[in-house]
Amino acid sequence: MGEKKHIKTTMREIAKYWETRVDECEWSIDWREAESHCWRCGYKKRLQRCHIIPAALGGKDEPENMVILCVRCHAENPNVEDPEIMWDWIKAYNTSCYGTFWDIQALKEYEFIYKSTVEYDIEKIFTEAGVENDEKEQAVMEALLSTRSKISVHFGQPYYNTATIAGIYRMMLKELAKKYGVTLKRI
Ligand SMILES: [Zn+2]
């Protein structure tokens, strides 16, 4: 779903139009960054102009029908005739901390799959194994590093997707459990 070449509305026009219409605290970016950061995830990435109402459903090439998203978010945005849905979606993912969006999604993915949180599972292993506080960070870092050669990206997808990062967390936890001889609850 790449950006169509024939879009005439510029990023500047889109940003200018929405600047006065959306409250800054309702989404992931500052207005100063509306042309350099994705409006959904807040990451500084290569950006695309995206229709709110899709062209196929009669959506116009005008600032009021456009938002600015990264390639990854563009592939996930809602394509429906009701223009409110796009903003509901962008606002629902509002993350105030820059550079954390995809990590948060991966933590949620982990929760969804394993019905537990990464934090809880780490603490459980440490508590059962009686690991001292000053050893914890080092142990987590080592376990994380051990997963490095065991991951890959999808062809044509220049990032680790959410399920992959959730998988990294899980492999890290398995490594920790093995190291300390603790059983990690399976799903
Ligand atoms: Zn994005």
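Values below: all heavy atoms of this structure, side chains included; hydrogens, waters and symmetry mates excluded. Ligands are counted one by one from 1 in listed order, and the atoms in each one are counted from 1 as well. The residues of the chain are indexed from 1 along the displayed sequence. None of these values were measured; they are calculated from a predicted model.
- By the 4.5 Å side-chain criterion applied to Ile, Leu, Val, Met, Phe, Trp and Tyr, I85 is assigned to a cluster that also includes V80.
- Taking the ring-ring contact (aromatic ring centres under 6.0 Å, His included) definition, one finds that Y114 meets it with Y110, sequence neighbours left out.
- Note on V140 and I165: same hydrophobic cluster, where clusters join Ile, Leu, Val, Met, Phe, Trp and Tyr whose side-chain heavy atoms are under 4.5 Å apart, directly or indirectly.
- Counting only protein N, O or S atoms, the number found under 2.8 Å from the Zn ion (ligand 1) is 4.
- Inspection of the N161 and T164 side chains reveals an N or O donor paired with an N or O acceptor under 3.5 Å.
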What donor-acceptor contacts under 3.5 angstrom involve side-chain atoms of residues 178-187, with partners at least two apart or in another chain?
unit_1	atom_1	unit_2	atom_2	d
Y180	OH	E135	OE2	2.8

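- E13 and K16 are not joined by a salt bridge, as no carboxylate oxygen comes within less than 4.0 angstrom of a charged side-chain nitrogen.
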